[in-house]
Structures are given as C-alpha cells and as structure tokens.
Amino acid sequence: MVSAYTQLLNRKYQGKLDAQADDYIRFAVQGAQRMEVLVRDILVYTQAANAAREDAGPVDANAVMEKVLSNLQQSIEDRGAVVKVGELPTLNMHEIHLMQLLQNLVGNAVKYGGERDPKVSVQAVRKESEWLFSVQDNGIGIDPKYKERVFGLFQRLHSSSEYAGTGIGLAICRKIVERYGGRIWVESSLGEGSTFFFALPDRAPEAA
Ligand code: ADP
C-alpha cells in the first residue's frame, strides 16, 4: 500500500507542487521499493533450507542452471556479460535450494562484474566424495580481509547508490550449503575478479 500510493502521488502530483515536494515523494517511492525488496529477501532467508533434507530428490543442476540464466537474462543482457557453464552434476537437493544458491552467486557475478568484457564461468568438478562448484567473474573483486564478512547477514561492501542490494544473498547461500553439510567460501582480491566456491557432499549426511 505504501509503495502503491507513493507511486500514485508521484504520478499525479509531479510538477504540481514544488521541487522539494517532488524530491520528498521520489525519496518515499524509492524507500518503499527498497523496503519491499528487503522484506522479500528476509522472508527468503528465514525460510531458506527449512524443508526436510531427507526427502530431497535428485536434481539435475544443468536444468536448474538453465532456469537461473533465464531468470537473470535481463541483467546479463544489460551488462553485456558472457556466462559460460560447464557440465554440472545431479545432486540430492531440493531444486529451490540449488536454484537460490546458483542464482545468488551468478547474479552477484554479473552485478559486480567487470566493466569491460564481463565474463562469468560456472563449473563443477568431482573431488573425492564431494562436488566442488565454482562461480568465477572478472569483476571488481573483494579485499581478502572481507572474505568472511560478505557471508554475514546484511553485510555489504558497497552502498545501495553504487550497487542495489540488501546484503542477504550470500547469507542465504551459506545457510543452504551448510544445511546440506557443505562449505562455501570466496577467493579474490580487489580488482582481480572473484571466485566463489561451494562444496557439497555427494550424499548428504543424515540430519542431526
Ligand atoms: P547484496 O549483493 O545484496 O549486497 P550479498 O549478500 O549477495 O548481498 O553480497 C554481500 C556483499 O558481498 C555485496 O554487497 C558485495 O559488496 C560483495 N560481493 C558479493 N559478490 C561479489 C562479487 N562477485 N564480486 C565482488 N563483490 C561481491
């Protein structure tokens, strides 16, 4: 309601009050929209990885990745990014979890991607009893001193005027990966691009 009515105010009264009123209404519209995204993201975070792990069926990560790319198509096109995807495995996971995981990581790789020739590569290799996934970009990179912090709830390294976001995406990723007995981490340095890794056991251990 707040979002809808401030947008209505903006449409009907823009230019009819004074310049300051236009600014105030614009700030209210933007604030309400940010609040909407934040509430949606917090809901996803609190519900992430809630479903019972035991009945998580086999899911083909290649098919999930196709959906992720279709969801992100607009931002990939806007940034002119090239996303390369290797052969991915089938995992014992709920599809929604794998989708949230890959979509957050690939979405970030595009959002924080390189100014020139942004490239993203998604690969998976089998290592002993684990599948090791990597999502690599050639973007702005992360100072190694923040490589733990970025996985914390509401932790952001940029203001929302630089890059839109709520600081919840990577916290969701960590929650999902840990729920399946895996690990997630990043290797990066400033200006050198980032590679996010996550390792998932081929067979998830029984729930504690
Ligand atoms: P959001 O993108 O909404 O801010 P995330 O939890 O997904 O939240 O990411 C947390 C922070 O980590 C981001 O604000 C950004 O500063 C940094 N970050 C995430 N992914 C990347 C990336 N691929 N390259 C550089 N910085 C990143």
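Heads up: numbering here begins at 1 and tracks the sequence.
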Peer 1: For E115, is the CD atom crowded, meaning more than 12 foreign heavy atoms sit under 6.0 Å from it?
Peer 2: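 Atom CD in E115 is not packed in, count stays at 12 or less.
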
Peer 1: For residues 30-50, pull every pair meeting ring-ring contact (aromatic ring centres under 6.0 Å, His included), keeping only residues two or more places apart or in separate chains.
Peer 2: none

Peer 1: When you group the ILVMFWY residues by side-chain heavy-atom contacts below 4.5 Å and let the links chain together, are M1 and M35 in the same group?
Peer 2: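 No, separate clusters.
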
Peer 1: L9 and V29: same hydrophobic cluster, using ILVMFWY side-chain contacts below 4.5 Å?
Peer 2: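 Cluster IDs for L9 and V29 match.
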
Peer 1: Pair V186, T195 - check side-chain contact (heavy atoms from CB on, under 4.5 Å), show working.
Peer 2: CA-CA 6 Å; V186 62; T195 308; over 6 Å; no

Peer 1: Side chains of Q74 and D78: is there a donor and an acceptor less than 3.5 Å apart?
Peer 2: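 Checked: Q74/D78 side chains pair up, N/O donor to acceptor below 3.5 Å.
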
Peer 1: List the atom pairs, donor and acceptor, that lie under 3.5 Å between side-chain atoms in residues 56-67 and the rest of the protein, sequence neighbours left out.
Peer 2:
unit_1 : atom_1 : unit_2 : atom_2 : d
D60    : OD1    : N62    : N      : 2.9
D60    : OD1    : N62    : ND2    : 2.9
N62    : OD1    : L88    : N      : 2.9
N62    : ND2    : L88    : O      : 2.7
K67    : NZ     : E95    : OE2    : 2.6

Peer 1: Do the non-hydrogen side-chain atoms of L170 and N104 ever get within less than 4.5 Å of each other?
Peer 2: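 No, every pair of side-chain atoms sits at 4.5 Å or beyond.
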
Peer 1: Begin with the C-alpha distance, continue with both residues' side-chain angles, and end with the deciding distance and a verdict on side-chain contact (heavy atoms from CB on, under 4.5 Å) for D23 and R26.
Peer 2: CA-CA 5 Å; D23 278 349; R26 193 164 41 86; 2.8 Å; yes

Peer 1: Taking atom types as modelled and ignoring hydrogens, do the side chains of D41 and T166 form a donor-acceptor contact shorter than 3.5 angstrom?
Peer 2: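 The answer is yes; a qualifying pair exists.
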
Peer 1: Between E178 and R183, does a salt bridge (Lys or Arg N to Asp or Glu O under 4.0 Å) hold up when you go through it step by step?
Peer 2: CA-CA 6 Å; E178 290 180 353; R183 312 180 306 284; over 6 Å; no

Peer 1: Within a strict 4.5 Å, meaning less than it, do heavy atoms of the I76 and V120 side chains meet?
Peer 2: no

Peer 1: Do L132 and V85 sit in the same hydrophobic cluster, where Ile, Leu, Val, Met, Phe, Trp and Tyr count as joined when their side-chain heavy atoms come under 4.5 Å apart?
Peer 2: no

Peer 1: Evaluate the side-chain proximity of D202 to R126: yes if any heavy-atom separation is below 4.5 Å, no if none is.
Peer 2: yes

Peer 1: With clusters built from Ile, Leu, Val, Met, Phe, Trp and Tyr whose side-chain heavy atoms come within less than 4.5 Å, directly or transitively, what are the remaining members of the cluster of V2, listed by chain and number?
Peer 2: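 None; V2 is a cluster of one.
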
Peer 1: Return each pair, listed once, that meets ring-ring contact (aromatic ring centres under 6.0 Å, His included) where at least one residue sits in residues 2-44; pairs must be two or more places apart or across chains.
Peer 2: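 For residues 2-44, and leaving out neighbouring residues, there are no ring-ring contact (aromatic ring centres under 6.0 Å, His included) pairs at all.
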
Peer 1: Can you find a heavy atom in the side chain of R79 that is under 4.5 Å from one in the side chain of V110?
Peer 2: yes

Peer 1: Which distance, rounded to the nearest 0.5 Å, do you find between the OG of S189 and the NZ of K145?
Peer 2: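 Output value for this atom pair is 13.0 Å.
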
Peer 1: Provide the closest heavy-atom pair for I172 versus A48 in the form atom of the first, atom of the second, distance.
Peer 2: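 Taking every non-hydrogen atom into account, CG2-CB, 4.1 Å.
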
Peer 1: Applying side-chain contact (heavy atoms from CB on, under 4.5 Å), run through L17 and I25 and close with a yes or a no.
Peer 2: CA-CA 11 Å; L17 303 167; I25 295 172; 4.2 Å; yes

Peer 1: With sequence neighbours excluded, give me every ring-ring contact (aromatic ring centres under 6.0 Å, His included) pair touching residues 96-136.
Peer 2: H94-H97, H97-Y180, Y112-H158, Y112-Y163, F133-F198

Peer 1: Would a 4.5 Å heavy-atom cut-off, applied to side chains only, mark V122 and Q136 as touching?
Peer 2: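 V122 does not reach Q136 side chain to side chain.
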
Peer 1: Which pair of non-hydrogen atoms, one from C173 and one from L101, has the smallest distance, and what is that distance?
Peer 2: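 Residues C173 and L101, closest heavy atoms: CB-CD1, 3.6 Å.
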
Peer 1: Given side-chain contact (heavy atoms from CB on, under 4.5 Å), test F197 with L105 step by step and report yes or no.
Peer 2: CA-CA 9 Å; F197 294 94; L105 294 177; over 6 Å; no

Peer 1: Go through the structure and list residues passing side-chain hydrogen bond (donor to acceptor under 3.5 Å, both in side chains) with S3, not counting sequence neighbours.
Peer 2: Q7, E36

Peer 1: Roughly how far, to the nearest 0.5 Å, is the NZ atom of K175 from the CG atom of L153?
Peer 2: 9.0 Å

Peer 1: Check whether the side chains of E77 and S75 place a donor and an acceptor atom closer than 3.5 Å, and report yes or no.
Peer 2: no

Peer 1: Within the structure provided, determine whether I176 and M93 are in side-chain contact (heavy-atom separation under 4.5 Å).
Peer 2: yes

Peer 1: For atom CD of E148, decide whether the heavy atoms of other residues, nucleotides or ligands shown that lie under 6.0 angstrom number more than 12.
Peer 2: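 Check fails, neighbour count at 12 or below.
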
Peer 1: From I168 CD1 over to L38 CG, what is the distance, rounded to the nearest 0.5 angstrom?
Peer 2: 5.0 Å

Peer 1: Between CD1 of I96 and CD of Q47, what distance do you get to the nearest 0.5 Å?
Peer 2: 10.0 Å

Peer 1: Indicate, with yes or no, if F151 and Y146 share a hydrophobic cluster defined by side-chain heavy-atom contacts under 4.5 Å among Ile, Leu, Val, Met, Phe, Trp and Tyr.
Peer 2: yes

Peer 1: Are F154 and I184 grouped together when hydrophobic residues (ILVMFWY) are joined by side-chain heavy atoms under 4.5 angstrom apart?
Peer 2: yes

Peer 1: If you define the side chain from C-beta out and look only at heavy atoms, does anything of Q20 sit under 4.5 Å from D18?
Peer 2: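 Of all side-chain heavy-atom pairs linking D18 with Q20, at least one is under 4.5 Å.
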
Peer 1: When rounded to the nearest 0.5 angstrom, what distance separates CG in N138 from OG in S121?
Peer 2: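 These two atoms lie 10.5 Å from each other.
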
Peer 1: Please tell me if the side chains of Q100 and V44 come closer than 4.5 Å, counting only heavy atoms from C-beta onward.
Peer 2: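 They are in side-chain contact.
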
Peer 1: Using every non-hydrogen atom in the two residues, find where S188 and P144 come nearest and quote the distance to one decimal.
Peer 2: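 Heavy atoms only, the tightest pair is O-CG, 3.5 Å.
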
Peer 1: Counting distance only, does the side-chain N/O of K111 pair as donor-acceptor with the main-chain N or O of A164 below 3.5 Å?
Peer 2: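 Checked: pair present.
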
Peer 1: To the closest 0.5 Å, what do you measure between CD (E162) and CZ (R156)?
Peer 2: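 One gets 8.5 Å once the value is rounded to the nearest 0.5 Å.
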
Peer 1: Going by the side chain to side chain contact (heavy atoms under 4.5 Å, CB included) test, name the single residue among N108, V150, D137 that passes it with S194.
Peer 2: D137

